[in-house]
2 protein chains.
Amino acid sequence: MTRIIVIGGDAAGASAAGRAKRLDPSLEVTVFERTQYTSYAACGLPYVVGGQIPEPSDVIARTPEAHRDRGLDVRTGHEVTSIDTGARTVEVRELATDRVSTQSWDALLIATGASPTRPPFDGIDANGIMGIHTIPDAVAIDEIVRDRGPRRAVVVGGGYIGLEMAEAFVSRGLEVTLVELLDQPMATMDPDMGARVADAMLHMGIQTRLGTGVKGFEAGDDGWVRSVATSEGSVDADVVVLGLGVRPNVTLARDAGIPIGPSGGIATDARMATLTEGVFAAGDCAESLHRVSLRPVSIALGTHANKQGRVAGTNLAGGAARFGGVIGTAITKVGDTEIARTGLNEREAAEAGFDTVSAVAEGRTRAGYYPDASRMAVKIVAQRSSGRMLGAQIVGGSESAKRIDVLALAVWDAKSVDEFEMLDLSYAPPFAPVWETAMIAARLAGEKATSGVGG
Amino acid sequence: MTRIIVIGGDAAGASAAGRAKRLDPSLEVTVFERTQYTSYAACGLPYVVGGQIPEPSDVIARTPEAHRDRGLDVRTGHEVTSIDTGARTVEVRELATDRVSTQSWDALLIATGASPTRPPFDGIDANGIMGIHTIPDAVAIDEIVRDRGPRRAVVVGGGYIGLEMAEAFVSRGLEVTLVELLDQPMATMDPDMGARVADAMLHMGIQTRLGTGVKGFEAGDDGWVRSVATSEGSVDADVVVLGLGVRPNVTLARDAGIPIGPSGGIATDARMATLTEGVFAAGDCAESLHRVSLRPVSIALGTHANKQGRVAGTNLAGGAARFGGVIGTAITKVGDTEIARTGLNEREAAEAGFDTVSAVAEGRTRAGYYPDASRMAVKIVAQRSSGRMLGAQIVGGSESAKRIDVLALAVWDAKSVDEFEMLDLSYAPPFAPVWETAMIAARLAGEKATSGVGG
């Protein structure tokens, strides 16, 4: 019997395990998961704190029991402590008993995820300085808000998690300050689009301290955080959330001699195979190819983890599936403002060697004469010489951000702005103006591109 | 000086005229428009009747005066009665004075639009049997509803206009019956998706008489319509709207010997040039190439008219622009139900010679655990042998239908379902589940396709 071992039972690991077992029920598939949880949506955790999601367990897509019902041998509370790629074994510790065993595999999937960055700031171990990456994290923050009645929250980091946690604390009635080292929130957007996000945050009452570095934290006599020391002075805080990004968990792989790529994730090919025979990697711990920059990247996102897990599962079962890479599509919201991006921004495009043009168009989500239209700004970044679409960004009101998807496919397929402007996209007054704002942005970019005939 | 004459001052004609003049201000550009209106959005008229748009004039994008301010010679109330392609002249009648003149051109654009189908039913000339194609039509229907207080409206035809007018009358408090010859509303959708639309209409209180042919109309002694005679009996009616589609206005072109294509519109190439030297055509009167069936089609839609007008304008001014064709993307709503489609449905695909597979996925617009998600069904039609995407259809709640755009680009680019399933589309709990419903539909279709590896 062929035995597959999967390290990690979250999105990628559980998807792969389930997929492999479904394709070949004769496989023996064992999943070792350190925590008590499988298949949960970390992306939903800010909304647990914000109160939109009533129960933390709601973000669990599939429990260990449900996986077992599908024929998987899921062992929660088990930590894999080492991999031997020569002997094809892993060493596993059962956390409750400290019992260690050696388990052999014919094929191995590493799906160890990523961990939040927690820099060694002075005083970072004070009570009330939280990350938001696991269900217990969300439960703990929720309990702090409920039981301790904090008045002032500080969120460190202006990326997706930072924005979502700022919104969550506003929903819970706290005064919120967001501290960000850069001069804009949402560093994956260009500065002009980031400024629109900053404006929206100010309008919803979030204090933003941009260009401000955290130096440390001060705690009171009770051991709880009282303020954040920054490069621009002290900010009072009753609770702090760190949203400083995540790093792939690759220690296990590195210690086993499995090559790590330049972006810090485990190097993989389109099959999600590592450079070590018989070993696959998927999800937040694995590198992906960025289809536009053609560089390996590590982007932690549930949708990639699910797709990569499915691809790895097919290949673990002897099939032939390929993951097509990523282009950095992302979407979020803060209050009523929706934010989305795909592909390369201006800085990223320059780093990837592209000479670019870009244009911003402002428009509405519905015909101008149709009620309740939202405003939105759409930016397109294109290659100067060819008009090839390299990236796009949207900041707008309700029903604006999901429009990034058609731009994502355009970037994925290296469409030109001239062709994009002429696409047959859907039009009716309750849904769009005759010219989608993205088409106008494409036209404006085309007029700047060398090749542009401007429609 | 080069003189350009444009016949018709609505979306296509006015766009072309403005574009040509902007590219080459030395051009003398004259637009003859029969009515008093230019550049208005016929697609908005149902919402004028429904009350969402307060003033009929709100649907006017640009008045004749505004066009004149941009240097165009716009003559409203002028009807072109014949074209001489040899002498390069048109004969024009000023409607107010009946004065006829002959005007010469170096290049001509025909943008005569389309007219609603009005079959010779018995009694069709009774008062209160309305079309909805022009601003005066919308004003007249609005006045009937306001001044005569009708109780029962009958809408004949279950296409876009029929659905939108049914919704409009519901908004105004009328009892509405929709009569449709086919067994489903929305004949451009497959029957299974059309049934979902029919269900939605029933839920909002619209009586639907499907598989029912209109035989005629009966009027009262006052000359106003009282009932509609159908193949399934009589239906009481105080006001009737015909939504039976439109036909390209090509008499002027045909009489001048300019070739008409097989779909009934003026034959054009990608430059929007007709087969007659120096003569262009754009908008509802012109044929377009359908990129999937590779057949010429006549699809009357404001977004095509604007794009074709822009292309024609560039070429009238000596530039080189191309219209890339259409794929039949369309979107509408009835009450809270959104409806969209693109590409070929199963029947159209069979007619175009494709052996197809198709799949429907049901899903939600947000993560399952995030509040206020809408349900939606997404159908994908693909080529059996290759998995190539041929068409897609969506019926769902709020925030569902605009997702057709990424499917439209996938169909436009002949993507395979296997690739679509792996695209980097945007994901976050307030906007989508980890697997977009369209991706699941693509996966299911892929499992049926000969080539499908099923992800």
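Just so it is clear, the model here is predicted, and its values are computed rather than measured. Proteins come first, then strands; the chains are lettered A, B, ... in the order of their sequence lines, and each starts at number 1.
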Region of B/I404 in contact with chain A, defined by heavy-atom distances below 4.5 Å = side chain

Side chain, backbone, both or neither: which part of A/A305 has a heavy atom under 4.5 Å from chain B?
-> neither

Under a 4.5 Å heavy-atom cut-off, does chain B meet the side chain of A/E436, its backbone, both or neither?
-> side chain

Which answer fits B/A410, side chain, backbone, both or neither, if we ask what part of it has an atom under 4.5 Å from a heavy atom of chain A?
-> both

What is the minimum heavy-atom distance between A/I53 and B/Y369, and which atoms define it?
-> CD1-CD1, 3.1 Å

To the nearest 0.5 Å, how far apart are CE in A/M439 and CG in B/N306?
-> 10.5 Å

Side chains of B/D424 and A/W412: does their closest heavy-atom pair fall under 4.5 Å?
-> yes

In Å, rounded to the nearest 0.5 Å, how long is the span from OG of B/S426 to CD1 of A/I339?
-> 13.0 Å

Chain A contacts, top residue of B/A11, B/P429, B/A330, B/G44 (heavy-atom pairs, under 4.5 Å) = B/P429

Within the distance-only criterion (no hydrogens, no angle test), does the side chain of B/K402 pair as donor or acceptor with the backbone N or O of A/A432 below 3.5 angstrom?
-> no

For the side chain of A/K307 and the backbone of B/W435, is there at least one donor-acceptor N/O pair under 3.5 Å apart?
-> no

With the side chain counted from C-beta on, respond yes when B/L423 and A/L409 share a heavy-atom pair under 4.5 Å apart, and no when they do not.
-> yes

Test: A/E419 and B/R322 ion pair at under 4.0 Å = no

Options B/I327, B/T329, B/V434, ranked by heavy-atom pairs under 4.5 Å with chain A, top entry = B/T329

Thinking salt bridges, do B/R403 and A/E399 make one under a 4.0 Å N-O criterion?
-> no

B/R291 versus chain A, heavy atoms under 4.5 Å apart: side chain, backbone, both or neither?
-> side chain

SB check A/R310 B/E421 (cutoff 4.0 Å) = yes

Engaged part of B/F431 at the chain A interface, taking heavy atoms whose separation is under 4.5 Å = both

Under 4.5 Å, counting heavy-atom pairs only, tell me which of B/A408, B/C43, B/A428 racks up the most with chain A.
-> B/C43

Interface check, chain A: of B/P433, B/A401, B/P371, most non-hydrogen pairs under 4.5 Å belong to B/P371

Could you check which of B/I331, B/D58, B/T332 has the highest count of heavy-atom pairs closer than 4.5 Å to chain A?
-> B/I331

Below 4.5 Å from any heavy atom of chain B, which atoms of A/Y47 appear? Answer side chain, backbone, both or neither.
-> side chain

With a 4.5 angstrom heavy-atom cut-off, which part of B/Q52 approaches chain A: side chain, backbone, both or neither?
-> both

Carboxylate-amine/guanidinium proximity below 4.0 Å for B/D413 and A/K415 | yes

